[in-house]
Structure formats: C-alpha cells, structure tokens
Amino acid sequence: MPYPCGHGRFGRMEQLKRTATCGELTAARDGETVVLNGWVHRFRDHGGVKFVGLRDRYGITQVVVDEDADEALKATAEGLKNEFCIAVRGTVRTRPPEMINPDMVTGAIEVAALEIRVLSTCEPLPFMIDERSEARDELRLKYRYLDLRSFSMQRKIKLRHDVCYHTREYLHERGFYEIETPTLIKSTPEGARDFLVPSRLHRGRFYALPQSPQLFKQIIMVSGFDRYFQLAHCYRDEDARGDRQLEHTQIDIEMSFVSRDDVFEVVEGLMARLFERALGATIEIPFRRLSYEDAMNRYGSDKPELRFEMPLHDFAPLVSGSGFAVFESVLASGGTVKALVAGGCADYSRKQISELEESAATYGARGLAWMKVTAAGGLEGGISKFFAARAAEIIATLGAQPGDLLLVVADQWKTACTALGAVRSRLGRQLGLCDPARFSFAWIVDFPLFEWNAEEQRWEAAHHMFSMPQERFLEHLEDDPGAVKGNLYDLVCNGFELASGSIRIHDPELQRRVFGIVGISDEEARRRFGFLLEAFQYGAPPHGGIAPGLDRLVMIMAGESSIREVIAFPKNTAGVSLMDDSPSHVDQKQLDELGLQIVERESDYPAVRSPVDGS
RNA sequence: GGGGGCGUGGCGAAGUUGGUUUAUCGCGCCGGCCUGUCAAGCCGGAGGUCGCGGGUUCAAUCCCCGUCGCUCCCGCCA
C-alpha cells in the first residue's frame, strides 16, 4: 500500500484509496485512471463544467466535472463545499495549451472525474485556509488543525521534521548515541522555576519536569557513553515570549574528553549539514568568535545581530573638557559613555530621535544624547554646543560622515552598552540592514562565570554551577569571582541566542569551591545534587557539551520571528493552550488522591473560570 | 510585577476631531445565472447591541475610568 489511508464517516474507502497524491500528476501520466484523496480547496462551478481544486499535503490538482458527466456525479459535485474531504476517481488528461497553468506543478494536467465520494463534510470555516492565514493568532491557535492545513504551516512543520531527521543522521554518523532521559525527575531548581508534578504514591512529594537534561547528560558521560545527544523537551515555569515557550525542544549534546573547540567543530558541522540538507543554503564555517566583552562593547548585546556592522564606540576619551556635566559625572562614578553613528540619519526629526530614545530607555538608560554631522563637517543640534571644540576629532574618531546622526548614552557599563545596543538593533531593522536570506553566526566566548546579585548581596552562577572556570583563574577563584571567566560559550545567529554550553567541572573538589562562592553549603549541595557529586567520585571523565534550541533554529531557518510558527501545538504568551484550554481545573477527587488543597488568593475571587468546571 | 499596541458581522480591514441615513469595503456564507476557470465572473440575500462594565453628555462605536482577552517589550528566563 503506497500511502496511508483511513475511513471516513460518510463513505467507505475500500474502492477509493488514493493511487496518486495531489502533487505528483504531470503530462507523463496522461490517460491513466487514478484515485485522489484530499480536501476541497476551491470549487468553481461554471454551470456546465465544474472545477475542484483538490488539495493534500503534496499539492493541488484540478479535478474537472465535464458538461456531459452523468447527473449523479454532477449533483455530488454541486454539493461540494470548502474543506470537504473527498475521494475522486478519474482520468488524467493533458490540458489544451491555452489552459495550462504554469504556476502549478500539476498545471499541465487535470483529472476528469468519473466518480466523487464525500468522505467527510465540513462546517463553514472560522477562517480561510490560504497560503498564509490572515486570521489573528488567537483564532489560528484555537483551530490549530485548520491552520496547520495551510501550505505555509505544512512547509514549516516539514522543515522542522527535516531538521530533526538530519540532526539524528549527522550525529549518528559522528558516533553519538541518542539516549532518552526521564521527564519526571528530582526538583533541582537552578535559575528558572520548576514545573512540579505531585506524586500520588508519595503524598507530599513532587517530581519536577526537567528544565534541561543537564545532570543526566553529565551522568551519561560518567557512564562511559562518550558522545550523547537527544532531542529533549525542556520545561521552565517562566513568562513566555515570542522566542520562548513554557516547553521547548533542545538538541542536547554532551561529549567526553573534549575541549571547547571540539564542541564547536561538531556544532559547526551540524549547522552546515542542516542548512544544506533542510534549506539548500550554504553557511560559512567555522563561525567567527567574539568575547562576551567585545560583543557588549561593540554591539551592545551578548546575542548581537551581525548581519550589519554599525559598531558602538567608546566616547569616554572625547568627553574631557566638554563641560557636559551629565557625561562627566557618569565617568567620575565609574560609568562609561558609548556612541553610535547612525549613517545618513541627520534628517531624523525630534520625534524619530525620541522613538530611538525610548528603545534606550527600556534598557534603563536615562537619556539618549544626539548630534548631527553637518555638510561642512561640523556638529549641530542636541548636545553639540558642548563638543564644538573637538568636533573634528570626534567625527574622525567615530568615522562619521556628513549627514550622519551621532547617538550617545552615558551610564554604568552594562546599561550603556545594552541601551545603545537596543538603539542599534532598532536602527538596523528600520534602515533595512538585515538581509532575510543571510544567517550570521558567531560564537560568544569568555563569559564571566559569576555575576553579582546586588539585591541579595551575593555571587551567583551566570550560566549554571557546573561550568568550568578557565584554567588561568583556577588558583585565585575566590579572590575576585567577578573577574573569573568561564569555559562557557553561546552560539548566536541573527540576534538570537541559538545555543548555550560549557566545559563542565568533573572534579568534586573544584565543584565544592564553586558551590562555596555562590553560597551553597556542602550539606545543601549534597541534598540537591548529591547523586551527581557521588557519581563524580567514580572516575568522571572530563566532559562538556552544548544545547542548540531546536525551535529557535527552525524559526530562523523559516524566516519567522516567533517560535509559535514552527511548533505544531504552541501555547500563547500566557502559557495557555487555546485549542484544549489547558491549564484547567481538575476534579476534587484528583486533588484528594494527591493530598492537595487549592488555596485561592483574594485576587482570584472574581474568578473568571469556575473553580469546579472540572475540565 | 511593569510599560506599549490591538479588540468593529464567520475572517481581514475602514470609519466617526461625539450627532441627520440602513456603520462601509474585500473575503467567506446562502440563493440564482453562467463550458474553461485556477484569488473565476455576474445578479440578489442573510449576518454586527462596534470585547465587557461603569462614567461624562441632550446624545458614546468614538471621550474618561475600570475590566477581560490577544500581542510586543522590560523584569524573569534558554
């Protein structure tokens, strides 16, 4: 049997199983009698002759009911509505030359119907199934099965399948084993909140859904499996975004006896393979490398958009003698002043500049200063009167041209960089500097291992606690944690963080020191990660890994800006699945079995949903 | 937790700086006509208390407040 088939409520299929798909018939099949199964994409009734655009996942084929067809067939045809699921038996015939449709693969032929059987009828649709649905997301998610029928969604789901398939093929070729890890695990909260699953057999105890298979993949290395991968589902109970869902999929990879560069080589090969096989695109490898510090200083982001340059400049050396108190006081308090040259934007209005300022403000900048470079090579407008004396020097240092707009932010280093980086991204989009057909990858390396949490007055792991400090810092870890660089790396592409990884700590003593710096006692470490620490006492190999985000990868390949577009059944930004309406309340009986009691918050009282809707 | 945007027949949009009248357009839907379309065409028709609640006003779809939903962003997080 060449194709899978099913049974409709309305007609038996035994005699009308498809012998061809709606995407494969061409003039070479002229004269053949075929059976097609599919959905009515469009119906055009000309009174005499009638046309049905019959669609399946492979394409659309035109079915014709001729003027002289028998009455029963014509009656069936006239009853067809959009999205009826039907079977058609008919004869392939080439079209007269003037009726060939060059835009369709099957446009040279049509199928003259001998028999049409309705397998399933269809209610009037909530939205049209077009190449790309125009309905708003809310509706598309509610009727996801209809949205998924569109060719644009089918292409994206196929792309995702191809990426998964070629990932498995490539990693298999490179000696990796696919090993599954549990989805009900011990709660070991790191950065994000865990999803908890109550245990019926052990009342009062909980499993957690994994935020990632991190601990298990390290234990797999201890187990001697050398090279592991998994298309792993990961769950984090945090607010969603366009590029973030409560649940997402990682291409989780871990390797023993490797250095950072070995990991890079595997992932570069993987990306090259995926782009070539799934997209037919060539990407340049190896990827460029940028330190975290350079990425922040030059592009104002740890996931920089590198399809255009427009670098940030250090403006601090140009401040002295200006008499501009704002900049001088920021510098005096240890901050920094960064500048950006917006090429050809000297004609920007105050409104346009204040829109840019809003971008800077979202990241905490208190203002966005500006000056325009005049045709004569001077500075005008904004804060230019403070810098008139050094105008030529400023223009030369920043590499600005007449007609450019200079934008300046003064603040603490990280705020100044990220705020001006946001302005840079906005300008890049606004000025159309991002070629949608380009993929600009880079490794971001040399991340700090620890970050100071000012609120809680303590050090915390910037990535996670199992990442190896770079060797040159090993002796003096505790002296200045903020200065310690980790053997940590991110892969970025077109302004998205695509992957994150590290070389891990495999020495229990070093692990203990790192726990010490982030304030985790031996006892707490034993309680939370005891099984891992114990495993490390039995000959743990040096190891490291990485985890590219599958959803984001496919999103970028598909040219989309939301991962919802490449997930078959996504949740919305509030974490609600609009199709099945989860999360939902559960029966009191289920709660009783688990020993759980719901404590309503006062703010929940004007309850939107009944607390006992039982769904 | 915070900020911005949106909500008008089944879908997508327009609209009213508050007012004469039936709230407009395209798609879809229903009925009719039509031998060649492929976004078919032509004629006719049904369908909306302008998200919900309150306020201001002689008068609110429009202004104000609240609320719900969706979305983008900051925080958080990958």
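In this text, all values refer to a predicted model and were calculated from it rather than measured experimentally. Note on naming: letters A, B, ... go to the chains in the order of the sequence lines (proteins, then strands), and numbering restarts at 1 for each one. Only heavy atoms go into these numbers, but all of them, side chains included; no hydrogens, no water, no symmetry mates.
Taking side-chain N and O atoms only, Thr573(A) has a distance below 4.0 Å to OP1 or OP2 of rU71(B). Proximity of Asn101(A) to the phosphate of rC38(B): no side-chain N or O atom is located under 4.0 Å from OP1 or OP2. Applying the 4.0 Å criterion to OP1 and OP2 of rU37(B), one finds that His46(A) has every side-chain N and O outside that range. For the pair Arg241(A) and rC77(B), the criterion of a side-chain N or O lying under 4.0 Å from OP1 or OP2 is not met. Here Asn82(A) reaches the OP1 or OP2 of rC29(B): one of its side-chain N or O atoms lies under 4.0 Å away. Applying the 4.0 Å criterion to OP1 and OP2 of rC72(B), one finds that Arg564(A) has a side-chain N or O inside that range. Taking only side-chain nitrogens and oxygens, Arg236(A) comes nearer than 4.0 Å to OP1 or OP2 of rA78(B).
Residue Arg55(A) is classed as having no contact, given no heavy-atom separation below 4.0 Å to the nucleic acid. Within the nucleic acid shown, Arg136(A) comes within 4.0 Å of sugar-phosphate atoms alone, with no base atom in reach, counting heavy atoms only.
Donor-acceptor pairing under 3.5 Å, judged by distance alone, is absent between the side chain of Arg42(A) and the base of rC38(B). Residue side chain Arg140(A) does not reach the base of rC11(B) through any donor-acceptor N/O pair under 3.5 Å, judged by distance alone.
When the nucleotides rG36(B), rC30(B), rA78(B) are ranked by their closest atom to the side chain of Asp66(A), rG36(B) comes out on top.
Side-chain contact of Asp490(A) with Ser500(A): a donor-acceptor pair under 3.5 Å is present, judged by distance alone.
Residues satisfying the ring-ring contact (aromatic ring centres under 6.0 Å, His included) criterion with His233(A), sequence neighbours excluded, are absent altogether.
For rU37(B), the base is stacked against the aromatic ring of Phe51(A), per a cut-off of 5.5 Å between centres and 30° between planes.
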